[in-house]
J.: 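I have a structure I would like to understand better, so I am pasting it below and will then ask my questions one at a time.
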Amino acid sequence: MSEPRPSFWRRSPAVGPLAGLLLLLAINVVDGFRHDRNFLALTFHDGRFDSPVIDIFKNGSYVMVLALGMTLVIATGGIDLSVGAGMAVIGGLGATMLAGGHSVAAMLAVSAGVALSCGLVNGLLVAGARIQPIVATLALMVAGRGIAQLVTHGNVVILPKDKFDDLFHGIVCWLPLAPLLVTSLYLAVWAWLRRSAAGLFFEAAGDNETASRFAGLATGRVRCLAYALCGLGAGLAGLMKISDIGSADPFKMGDTIELDAIFAVVVGGTALSGGRICLLGTYLGALMLQTLTITMQYVGVPPAIAPMPKAVVIIAVCLMQSAVTRRWFARLTSRSPAPGVRPVEP
Amino acid sequence: MSPRLQSRLPLLVTATILLLLFATASVTYRYFFSAGNVVNIFTAQSSVGILAVGLTLVIFAGGIDLSVGAVAAFSTILVATLVEKHGVHPALAALFALAAGAAFGAGMAAIIQIFQQPPFLVTLAGMFFARGAAFWISTESIEIKNPLHQRLTDFTVQGGDVTFHPLPLLIFVAVLLAGHVLAHHTRFGRNLLAIGGSEQSALLMGLPVGASKIAAYTLCGATAALAGVVNTFITGSGNSTFGVGLELDAIAAVVIGGTLLTGGRGQMLGTLCGVLILGTIKSAIDFDGRLDPAWTRIIIGALLLGFILLQRLLLRRLERG
């Protein structure tokens, strides 16, 4: 590497979601002043900190944990549409077991096993049977919702009171447990990816599968592992959801959340074409989506209409990141092409 | 096996499965095998069938459109609002909805084509956008009381001892025939299949790749809107919650019909078979009454998987020569 490394700001794909996040926070702070409400207020009561910002972390933790597994899958050039259905299956199963009087430990063990096998089914279909990821995971997405309804007999299952609300509502070091857990998962996965060769394996399998295989990488196993971890993430998200609301609804739970997870990953700079991982970007992207949701609530956009501005923001971010736009900007600002932009054939 | 037969094999398998399913249900349940029930299956599936035709064109070209269900919902509520709140003539309102759907499809296609974005992502955002827009118009369902529209909704034909509801069915059949001719007997259809087979080759052959793709998405948006308009004839109202998950049913129907999701290979008649398979399963589960409706989704998912594996097997054989 003879040429100087471009600075963090030019290099990191996490800059986009970071800018979006800061912009949204600024909007909230200004809007808060107008309505005589301090968005950045931090209060301490009942042995814990409380703040609108902490709530963003807390309520965003589902999408964050889903997006973590999704990042790995997308890095290998795949996609997992079944995470929402997976959430419903595991959540329904966990709630049914707890309501049936099983212990939390037994429920956790069974949930982990089922979540892992859901992910493995996807992985085997994609890596073993070589089916396109969209279609392979679509099958489980369609069937999973049915399985969740079978498990719960089509009813909303209510959890026994106070049996399992610590996972989401627990307090550690005066802070809510869920975001702390998710953040430490991100740190652990980041360390695993970047302090060992694992990250390189995922990226290589997504960048050029044939070349990676010839270089001696078991790409099939790597891709399978990505889907298995994504399944585990969906399971954790499902358990967090039932812990949060104290019941499991097989129809509503995790509905369209797979889209939020995918958007968090894409907005965070992990390209859908694979071969690149940016965990920081995913983390910030998920936070940005949650902040956007909160902002729209505060500004007074009805929840039913909220998807509309969300779609506009997401498309705008994607267009800004696209090679075509960057080439346009590069042409405007200088005569030389922007760094890292490959010209696209017309 | 001759190449002609081999390319039709997925369609033959689908048609056989449809016949087997229907025969099994007819033997198991009394009155399942009757003209009334067949017409009911067609009518119940007419909305999903109409938008599956447009979706098939997009999938032929290697694209995907996840926004169809939301666009259909937008179209139902748009027609209902225009007719009821603004006193627009129903035909004009329907035309306006079709134009809006087509323009929406064209807009998404322009983003996909010009900015080289993945169709899956853009149409996903399109789905959010259209659903949000539908709720923006009205969060409550609006009953259409316009006399002309009501006459169309209540239009029935007495055949034997059953009452038919022919309008949605006729529109479905007409759209399907038009789609079949467009896909398999015009240059446009061949271009789409060529693009789906290999976009690079199609480009090098000098085919109008960009224009064909945009046209396919435009048609898909229009058929999705038409599906919404047809649904107002079935329910007599506009509803922004209509068609949640409809895009999944439509994609499943197209894939079960033997069309390759990567594009370049498929049959419009296969889509008809796929839609009818979904309808037969739903109807059989209704007839049974003991089975949990949840099984519908599980069976559809399993069929989807089975067909994809079958396609994979056929393709592998084709690649070997």
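Side chains included, hydrogens not; waters and symmetry mates left out as well; all remaining heavy atoms used. A note on names: the letters A, B, ... follow the listed sequences, proteins ahead of strands, and every chain is numbered from 1.
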J.: In terms of heavy-atom pairs under 4.5 Å with chain A, which of B/Leu121, B/Ile300, B/Thr296 leads?
T.: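 Winner by heavy-atom pair count: B/Leu121.
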J.: Is it the side chain or the backbone of B/Leu261 that comes within 4.5 Å of chain A heavy atoms, both, or neither?
T.: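 Answer is both: backbone and side chain atoms of B/Leu261 are under 4.5 Å from chain A.
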J.: side-chain contact (heavy atoms from CB on, under 4.5 Å) between A/Ile147 and B/Ile298: does it pass, once the steps are laid out?
T.: CA-CA 7 Å; A/Ile147 295 172; B/Ile298 299 179; 3.9 Å; yes
J.: Nearest 0.5 Å, what's the CZ-CG distance between A/Arg145 and B/Leu248?
T.: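 It comes to 10.0 Å.
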J.: What residue pairs, at least two apart or across chains, pass side-chain hydrogen bond (donor to acceptor under 3.5 Å, both in side chains) with a residue in residues 65-76 of chain B?
T.: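 Applying side-chain hydrogen bond (donor to acceptor under 3.5 Å, both in side chains) to every pair that reaches into residues 65-76 of chain B, excluding sequence neighbours, yields B/Asp65-B/Ser67.
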J.: Output the option from A/Ile305, A/Leu125, A/Ile315, A/Leu319 having the highest count of non-hydrogen pairs under 4.5 Å with chain B.
T.: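 The answer is A/Ile305.
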J.: Would you mind telling me which of A/Pro302, A/Ala136, A/Ala311 has the largest number of heavy-atom pairs within less than 4.5 Å of chain B?
T.: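 The candidate making the most pairs under 4.5 Å is A/Ala311.
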J.: Could you measure the distance from the CZ atom of A/Phe263 to the CZ atom of B/Phe128? Nearest 0.5 Å is fine.
T.: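 Nearest 0.5 Å value for the CZ-CZ distance: 5.5 Å.
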J.: Determine the minimum heavy-atom distance between B/Gly301 and A/Ala143, stating which atoms define it.
T.: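 Looking at all heavy atoms of both residues, the closest pair is CA-CB, 4.1 Å.
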J.: Using a 4.5 angstrom heavy-atom cutoff, name the option from A/Ala129, A/Gly144, A/Cys318, A/Pro250 with the most pairs to chain B.
T.: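 Option with the greatest count: A/Cys318.
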J.: Between chain B and each of A/Val142, A/Val266, A/Leu140, count heavy-atom pairs under 4.5 Å; write down the option with the most.
T.: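 That would be A/Val142.
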J.: Working to the nearest 0.5 angstrom, can you tell me the gap between A/Met141 CE and B/Leu304 CG?
T.: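 Interatomic distance, A/Met141 CE to B/Leu304 CG, rounded to 0.5 Å: 11.5 Å.
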J.: Could you list the residues that satisfy salt bridge (charged side-chain N to carboxylate O under 4.0 Å, His left out) with B/Asp288, not counting sequence neighbours?
T.: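 In terms of salt bridge (charged side-chain N to carboxylate O under 4.0 Å, His left out), with neighbours along the sequence ignored, B/Asp288 is linked to B/Arg290.
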J.: May I ask you to check whether over 12 heavy atoms, not counting those of B/Phe104, lie within 6.0 Å of atom CZ?
T.: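 Atom CZ in B/Phe104 is crowded, with more than 12 foreign heavy atoms closer than 6.0 Å.
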J.: Chain B contacts: which residues in residues 148-157 of chain A have a non-hydrogen atom closer than 4.5 Å to it?
T.: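 Under the 4.5 Å heavy-atom cut-off, A/Gln149, A/Leu150 qualify.
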J.: Could you tell me if the side chain of A/Met308 sits less than 4.5 Å from the side chain of B/Trp136, heavy atoms only?
T.: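 Heavy-atom side-chain distance check passes, below 4.5 Å.
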J.: So which of A/Val301, A/Ile314, A/Ile131, A/Leu81 has the biggest tally of heavy-atom pairs under 4.5 Å with chain B?
T.: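 The candidate making the most pairs under 4.5 Å is A/Ile131.
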J.: Mind checking what makes salt bridge (charged side-chain N to carboxylate O under 4.0 Å, His left out) contact with A/Asp260, not counting sequence neighbours?
T.: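 So A/Asp260 forms a salt bridge (charged side-chain N to carboxylate O under 4.0 Å, His left out) with A/Lys310.
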